[in-house]
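Read the structure below first, then the notes.
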2 protein chains.
Amino acid sequence: MATIKDVAKLAEVGVGTVSRSLSGNGGVSAKAQQRISQAMLQLNYRPNSFARALSTQRSNIIGVWLPSLSGSFHQHILHAIELELRRHDKHLILANAEGAGSNEACLQHLDYLIRRDCDGVLMVCPEMAVSDLLSAQASYPPLVFINHSVDLLSAESFSVDHYLGGRLAAIALLEQGHQNIACITGRLSAQDAQQRQQGFVNELARQDRPINPRLVIEGSFDFEECRAAIHQLLSSGLAFDALFCGNDKVALVALSMLQSAGIKVPQQVAVLGYDNVDFAAYASPPLSTISIPIEQMASAACRRVLNMAYDLQLTIPKVESPRFIARASTP
Amino acid sequence: MATIKDVAKLAEVGVGTVSRSLSGNGGVSAKAQQRISQAMLQLNYRPNSFARALSTQRSNIIGVWLPSLSGSFHQHILHAIELELRRHDKHLILANAEGAGSNEACLQHLDYLIRRDCDGVLMVCPEMAVSDLLSAQASYPPLVFINHSVDLLSAESFSVDHYLGGRLAAIALLEQGHQNIACITGRLSAQDAQQRQQGFVNELARQDRPINPRLVIEGSFDFEECRAAIHQLLSSGLAFDALFCGNDKVALVALSMLQSAGIKVPQQVAVLGYDNVDFAAYASPPLSTISIPIEQMASAACRRVLNMAYDLQLTIPKVESPRFIARASTP
DNA sequence: ACGCAAAATGGAACCGATTCCATATATTTA
DNA sequence: TAAATATATGGAATCGGTTCCATTTTGCGT
């Protein structure tokens with residue numbers, strides 16, 4: 001592999017001149033430029049990214065920490081980040097913390113990224129302790145949180161108003177006149193699931209239609225666990241005519257299980273999801289849901305970390321509010 | 001940030017000794033080791049990955065090139081790769097070529113990875129020209145292909161027997177006694193879609209039940225396009241009692257559209273998918289499908305690239321054959 | 001206690017870029 | 001045309017590791 005010295009020699013200039021030509025920010029005469037470009041082409045020169053990183057103390061790599069690679073939610077986040085990073089010619093190193101149950105395990109995965117000398121890190125960490133996030137923030141390179149609001153780090157947290165999302169779900173179901181509303185939440189140790197659950201329950205209470213606590217089941221976004229949660233609800237013998245699910249995945253499973261049990265959706269039970277994943281529109285019946293601006297949130301976070309890591313001034317879009325999407329799974 | 005020199009000074013040893021202690025492969029006395037560890041701890045030392053990469057000419061980074069980040073197929077591949085790489089303490093740089101239509105655009109994305117000096121690259125490139133793959137193979141670091149068999153590079157291609165997958169679909173539907181079988185394929189410019197299509201059609205012909213060409217529609221895995229393909233089939237007026245779809249996504253959309261059109265599944269039309277994604281089991285009705293060992297294929301490819309890039313001898317698992325999974329969407 | 005092989009050690013040279021500085025060349029101004 | 005200024009240039013020092021080699025220390029056998 002040709003080095004900058006080879007180029008300099010062939011072009012009959014000094015390495016400094018080649019370097020300046022490369023970075024484009026110094027004075028290089030047209031003749032020199034010409035000869036250098038020629039030489040680079042001829043040698044098929046490609047600058048060595050490590051030498052550059054070592055010298056500039058900048059890797060142009062952003063680390064991305066995800067709690068899982070399953071499900072459209074994280075997929076959309078990753079997609080948005082990748083797009084934004086490539087736009088700025090940065091690279092993306094991925095860490096998937098799937099299976100890392102404990103806080104320490106999570107931090108280890110973070111360390112895995114840090115070891116690579118990322119210029120910044122984006123984290124989607126619904127269940128980590130705030131104290132750990134704070135100390136990570138303090139001792140590491142720019143760290144930005146996605147789908148998590150850390151009060152003390154509001155400038156570095158990008159989330160969606162899940163509380164409002166929960167309220168919107170309640171409002172939509174109440175408007176449709178349902179009497180017995182059930183709810184399967186996500187894991188309540190996750191901030192987002194918690195918030196939307198609160199919004200939902202509080203809005204019902206506010207409208208004097210408090211939810212029956214026995215109709216609230218804490219689920220999770222794992223297939224088996226959410227199956228179990230739905231089963232629990234179905235076998236409880238309690239009547240309900242609407243079901244709000246913690247996310248679309250749960251809702252789709254619910255749709256399937258309700259119908260297998262001979263229950264008509266939406267005639268007997270209305271089902272409402274959350275997230276508005278791609279599949280929601282193509283479920284049978286198409287799933288009503290609360291749409292949230294996942295990619296917008298991820299882009300905003302990504303631009304924030306770019307600003308911090310590279311002293312840029314990218315404008316950071318406001319993250320929009322959740323919206324109710326009416327489809328056939330609710331009447 | 002502390003450097004190896006700082007550690008050496010504090011531990012009162014030479015940098016060489018620290019380096020050896022770090023790599024663990026040289027002779028370092030217990031005393032020295034002790035003092036060095038102590039110093040590292042005290043300085044919170046973390047080796048600089050670029051300096052190391054520069055010196056060893058090895059980045060410990062593997063690039064992963066995906067044609068898209070949507071859909072479980074690529075998600076599972078990424079997941080399997082990430083797992084395998086972390087197991088060997090390598091890092092993963094991601095390039096998503098979504099939207100890169102042309103071959104050149106795809107190669108540009110490959111270049112984006114190469115610029116980062118990956119030690120090897122994994123590519124999922126269903127639609128790239130073989131000649132380009134070959135020349136890329138020749139001029140770049142170890143390059144391994146996933147879900148694509150390149151005849152001239154069989155040791156570097158890891159795929160699934162999609163031809164057999166297609167045949168299994170035909171066999172299953174014929175056994176169930178269907179008379180008019182329809183088929184919505186993926187984009188036939190993609191090798192895998194092509195192969196399974198061929199297997200399907202050939203097996204039908206072999207059993208003297210050749211498919212009606214008008215019941216074969218080339219679709220794609222994009223939501224809108226596959227919607228259009230299904231619509232085309234439904235509005236053709238042609239009768240059919242079974243539908244084989246190019247993947248589960250298409251099948252799920254088909255399920256939804258058929259049922260919306262008042263067609264009972266599986267009583268009037270049986271629906272068969274391909275891939276066995278998570279959701280398949282939770283569709284309404286649960287989707288029969290052909291299961292393929294996605295993660296196994298990805299792991300195998302990943303281990304191959306690790307072997308090539310780092311002179312390892314990891315055993316490479318055989319990639320299993322597709323299997324028919326019977327669920328409620330077929331009788 | 002002595003000699004010798006083996007183990008441990010320090011440090012220079014190197015990896016391939018960037019950047020700064022002193023020098024050389026070109027351009028403008030009086 | 002000379003002086004003053006602006007622009008271009010080469011090369012050394014630097015980033016933080018690894019590795020090789022010459023030298024010192026250690027451990028062992030007699």
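Sequence lines set the chain letters: A, B, ... in the order given, protein chains first and strands last, and positions in each chain run from 1. The figures that follow rest on heavy atoms only: side chains count, while hydrogens, waters and symmetry mates do not. Only a predicted model underlies this, so the values are computations on that prediction, with no experimental measurement involved.
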Donor-acceptor pair, distance only, cut-off 3.5 Å: does the side chain of A:Arg46 make one with the backbone of B:Arg115? no
Could you pick out which residue, B:Gly14 or B:Gln57, lies toward the 5' side of DNA chain C when each is mapped onto its nearest nucleotide? B:Gly14
Would you call A:Asp117 and A:Arg58 a salt bridge, using N to O less than 4.0 angstrom? no
Where each residue is assigned the nucleotide of DNA chain C containing its nearest heavy atom, which of A:Gly16 and B:Val28 is assigned the position nearer the 5′ end? B:Val28
Just checking A:Ala8: base, sugar-phosphate only, or nothing, at a heavy-atom cut-off of under 4.0 Å? nothing
Does one side chain, of B:Tyr45 or B:Asp6, offer a donor that lies under 3.5 Å from an acceptor on the other? no
Scan side-chain atoms only and decide if A:Gln34 and A:Ser29 contain a donor-acceptor pair under the 3.5 Å cut-off. no
Sorted by position of nearest nucleotide on DNA chain D, 5' first, the leading residue of B:Phe50 and B:Thr17 is B:Phe50
With a 4.0 angstrom cut-off to heavy atoms of chain B, pull out the first and last contacting nucleotide of DNA chain C, in 5'-to-3' order. C:dA8 to C:dG16
Leading and trailing nucleotides of DNA chain D with any atom under 4.0 Å from heavy atoms of chain B: D:dG16 to D:dT19
When you measure from the centre of the six-membered ring of A:Tyr112, is the NZ or CZ of B:Arg86 closer than 6.0 Å and no more than 45° off the axis? yes
Please check if the side chain of B:Gln137 supplies one atom and the backbone of B:Pro142 the other of a donor-acceptor pair under 3.5 Å. no
Select base, sugar-phosphate, or nothing to describe what B:Arg58 touches, counting heavy atoms under 4.0 Å on all strands. nothing
Mark yes or no for whether B:Ser157, through its side chain, and B:Val150, through its backbone, hold a donor-acceptor pair below 3.5 Å. yes
Mind checking if B:Ala32 touches a base, just sugar-phosphate, or nothing, with heavy atoms under 4.0 Å? sugar-phosphate
Just checking A:Gln33: base, sugar-phosphate only, or nothing, at a heavy-atom cut-off of under 4.0 Å? nothing
Can you tell me if B:Ser70 and A:Gln75 form a side-chain donor-acceptor pair at under 3.5 Å? no
Give one of base, sugar-phosphate or nothing for A:Ser19, where a contact means two heavy atoms less than 4.0 Å apart. base
Below 4.5 Å, heavy atoms only, C-beta onward: do A:Asn147 and A:Met297 meet side chain to side chain? yes
